[in-house]
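Notes for the one structure printed next.
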Protein chains: 2
Amino acid sequence: MEDIDIITNERCKDVLLAIIEGYLATANPVGSKFVSENYYLNLSPASIRNIMAILEEGGYIYQPHFSAGRVPTAKGYKFYVESLMKTEKISKKQRETIKKTFHLENRNMGDILHQTSRALSDLSHYTGIVLAPETSQTNLLHIEFVRVKPNNILVIMVFKNAIVENRLIYVYKDIKQNELNGYSDRLNEIIEKRDCGIDELRNIIESEMCDDKENLYSILNGTILNFTNNPDRNLANSLYIGPETVLLDEPEFSNNKQIKFFIKTINDKKIIIKLLGLAKNCETKRIFIGSDAEWSEITGLSLITAPYLSEDKALRGSIGIIGPSRMNYSQVIPIIDFIAEFLGEII
Amino acid sequence: MEDIDIITNERCKDVLLAIIEGYLATANPVGSKFVSENYYLNLSPASIRNIMAILEEGGYIYQPHFSAGRVPTAKGYKFYVESLMKTEKISKKQRETIKKTFHLENRNMGDILHQTSRALSDLSHYTGIVLAPETSQTNLLHIEFVRVKPNNILVIMVFKNAIVENRLIYVYKDIKQNELNGYSDRLNEIIEKRDCGIDELRNIIESEMCDDKENLYSILNGTILNFTNNPDRNLANSLYIGPETVLLDEPEFSNNKQIKFFIKTINDKKIIIKLLGLAKNCETKRIFIGSDAEWSEITGLSLITAPYLSEDKALRGSIGIIGPSRMNYSQVIPIIDFIAEFLGEII
DNA sequence: ATTTAGCACTTAACTGCTATGAGTGCTAAG
DNA sequence: CTTAGCACTCATAGCAGTTAAGTGCTAAAT
């Protein structure tokens, strides 16, 4: 019943908006007097207190202690983001900052993703995160063998999304560069004709290239033959995280328990990957507001994410901004939207 | 005068050693009574107090406040590390842990450096740092052009140290893969014959390959022609830093001012690069103990570094471990030594 | 001549107490 | 339905008092 009231009742919404905006601005619990004085609602503190009681019962705000002001709950933030907030448009200045951050002339995939995390951090003043597009899904474009020194071969794999992977492997038999070129030429022919990914290429080699199996196997062992078998490495390389230092000066991180929780959360790649992985497969942006009930891994923090998609739709990843739940959503959300779109265009 | 006393006087050294070891173990200022009871010096607290007064005058220890025990100063730590400490040998267990951390079958340069920072962190329980060997100094081994899509060419450069760099560039004229192969073949011929680095190759192209200048220039623009012009990127890519979270539980990081200072220091790549850059050009390991007087950028922290060198001496970089000044030097130093040597062998 | 016991002293840290102030819920009047 | 008034709650700050740790100094002991 209260839910319906709050959502339809204009006055309730006004007060909730005032409380949230007040809290975002001051980082202190906001009281009835503050709302009455600073927002033009033409209501006395006592009236506002009545409304606050309703909002509290509905679970949108709570009191840290009896005689304190009110603080938005996760539910409150969610309602604010979905219904109350007016997002600001991204300014020309910000647009220019973004374009400056990307040095477009001189780039590779790693650079771009790294610059994206920087752009996210710089503009939002929170911590930007970029999840790289998955490599294994994409088909191969080119393969190359380079003999680095006797018995050591560097295998370079180029994927259609312009991502380059390389592995240095040891082979018992020293294969000359000329011979290597023969192998790579033949594999590249197959790659071009069949338009295949790693798994398919592996099958083709096994079924159709019996004559060279021995040599090819010793070259490819540890690369194509077990490409995705290193989760640790994939974790580390597919995530680009901006500096967490920008956040340390936020007032909520003044007690060291929270600082530690925050630093540990940001550094726990499993959590971040999990959430950004969810975001990747969404159609549109998604907002994770941490609370004990939902997304308890990031209690007190919020993560705003958006998927990005290359123009040919071959590449799909996601970006995000993580910061305190008391976050400037109305500024951050357009930034995320803009950068996700921009990133989709340039990759 | 006091200096001479302390360095020659056995009793002074014993007490200093006791104080430092006591402080390393407990993280609390150590008093005369504690030393007298826990170390077999056969001295009463009063006698130890007399010696402490001498040590304090010499600047090796200090009192946080009047009625507190003594804490080593940076000078004290330095003397301890150089003259007092007995380094423990690295255990078999640790040796095995290191070898497990490196998956030797399946590696590339980035992986290895990343694993190194992990190994440093895991073994020391502090934060490991790896400075990658400089790329620009090394000569080229191979160059390859791959047409990713119309007008987009991926330039792959392989250096003799097995480091692979790639850049995606836009060219106004769409060059087919066949033509690209021609260019790369010719460049690879040059590279093999002349054994040259990027700068030399650039000169050779400019002076000797006039006929193809136009096409080659549009391909190479932004790669070979201005290879090192992206300091930001170099900074980010050449440094591998282990998790800082391991350190957060150290007792010195219980007040939030110190946590913030520490996190900011670790994340300030300029500081780290500066110190590891110094270390790289040293012959042997080096220990930076932060104090207001010396290395004030890392006050309260210590950084132990060692250079590493590949067997053919082409590759030179450095590794380090950063942690609180109250660090377990006797365990960390052999770890650094061992890993620096190990890394030199496998790259 | 050194070592040590004893003592007065200093300081941080903790304790319990009180006053203050911010903010509330409730009630009754407008 | 709004609001003024009032009693109530709780965090915070400040203050005096206590405790524990550890010191420096002096005089006695070895």
Side-chain angles (χ1 to χ4, degrees), chain A residues 2 5-6 8-16 18-20 22-23 25-58 60-73 251-252 254-257, chain B residues 2 5 8-12 14-16 18-20 22-23 25-58 60-73 251-252 254-255 257-258:
Chain A
E2 275 89 2
D5 263 340
I6 293 160
T8 48
N9 186 317
E10 280 305 317
R11 175 106 50 66
C12 283
K13 290 207 266 185
D14 287 346
V15 172
L16 182 55
I19 290 170
I20 291 177
Y23 186 64
T26 66
N28 289 317
V30 318
S32 52
K33 196 180 157 201
F34 182 87
V35 172
S36 164
E37 280 174 3
N38 292 282
Y39 295 87
Y40 306 98
L41 305 175
N42 288 322
L43 288 172
S44 75
S47 309
I48 288 168
R49 282 203 288 280
N50 289 333
I51 300 166
M52 280 173 161
I54 300 173
L55 288 170
E56 183 154 15
E57 203 161 334
Y60 294 91
I61 55 177
Y62 78 100
Q63 292 180 281
H65 60 267
F66 183 87
S67 71
R70 302 308 214 285
V71 171
T73 60
E252 31 270 278
S254 55
N255 84 64
N256 60 29
K257 211 174 165 187
Chain B
E2 275 90 2
D5 261 340
T8 47
N9 186 318
E10 280 306 316
R11 174 109 47 69
C12 283
D14 287 346
V15 171
L16 181 56
I19 291 170
I20 291 177
Y23 185 66
T26 65
N28 290 316
V30 318
S32 53
K33 197 181 157 201
F34 181 88
V35 172
S36 164
E37 279 175 4
N38 292 282
Y39 295 85
Y40 305 98
L41 305 174
N42 288 322
L43 289 172
S44 73
S47 308
I48 288 169
R49 283 202 288 280
N50 289 334
I51 300 167
M52 280 174 161
I54 301 172
L55 288 171
E56 183 153 14
E57 203 161 333
Y60 295 92
I61 55 177
Y62 78 100
Q63 291 180 279
H65 60 266
F66 183 87
S67 71
R70 301 308 213 287
V71 172
T73 60
E252 31 270 277
S254 55
N255 84 64
K257 212 173 161 187
Q258 286 209 281

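Chain letters run A, B, ... following the sequence lines, proteins first and then strands; every chain starts at 1.
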Looking only at heavy atoms, which two atoms of [X] and [Y] are closest? And how far apart?
{"X": "A:Phe34", "Y": "A:Gly22", "result": "CE2-CA, 4.2 Å"}
{"X": "B:Met52", "Y": "B:Ile19", "result": "CE-CD1, 3.9 Å"}
{"X": "A:Ile61", "Y": "A:Thr73", "result": "C-CG2, 3.7 Å"}
{"X": "B:Tyr23", "Y": "B:Pro72", "result": "CD2-CD, 3.5 Å"}
{"X": "A:Gly69", "Y": "A:Pro64", "result": "O-CD, 3.4 Å"}

Expected output: side-chain A:Ser36 to main-chain A:Ser44 donor-acceptor under 3.5 Å: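 Looks like no, no N/O pair under 3.5 Å.
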Watson-Crick or G-U stems involving DNA chain D, each at least 3 pairs long, distances under 3.5 Å, ordered by first number: C:1-30 with D:1-30
Return the value, rounded to whole Å, for the distance between atom [atom1] of [X] and atom [atom2] of [N].
{"X": "B:Ile51", "N": "C:dT2", "atom1": "CD1", "atom2": "P", "value": "12 Å"}
{"X": "B:Arg11", "N": "C:dA1", "atom1": "CZ", "atom2": "P", "value": "16 Å"}
{"X": "B:Asn28", "N": "C:dA12", "atom1": "CG", "atom2": "P", "value": "16 Å"}
{"X": "A:Leu43", "N": "D:dA4", "atom1": "CG", "atom2": "C1'", "value": "15 Å"}

side-chain hydrogen bond (donor to acceptor under 3.5 Å, both in side chains) against A:Gln63, all qualifying residues, sequence neighbours excluded: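 Listed in chain order: nothing, the list is empty.
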Close side-chain approach of A:Arg49 and A:Ser32, heavy atoms under 4.5 Å: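 The answer is yes; the side chains approach within 4.5 Å.
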B/S/- contact track for nucleotides 11-30 of chain D, protein heavy atom under 4.0 Å: S---------BBBBB-----
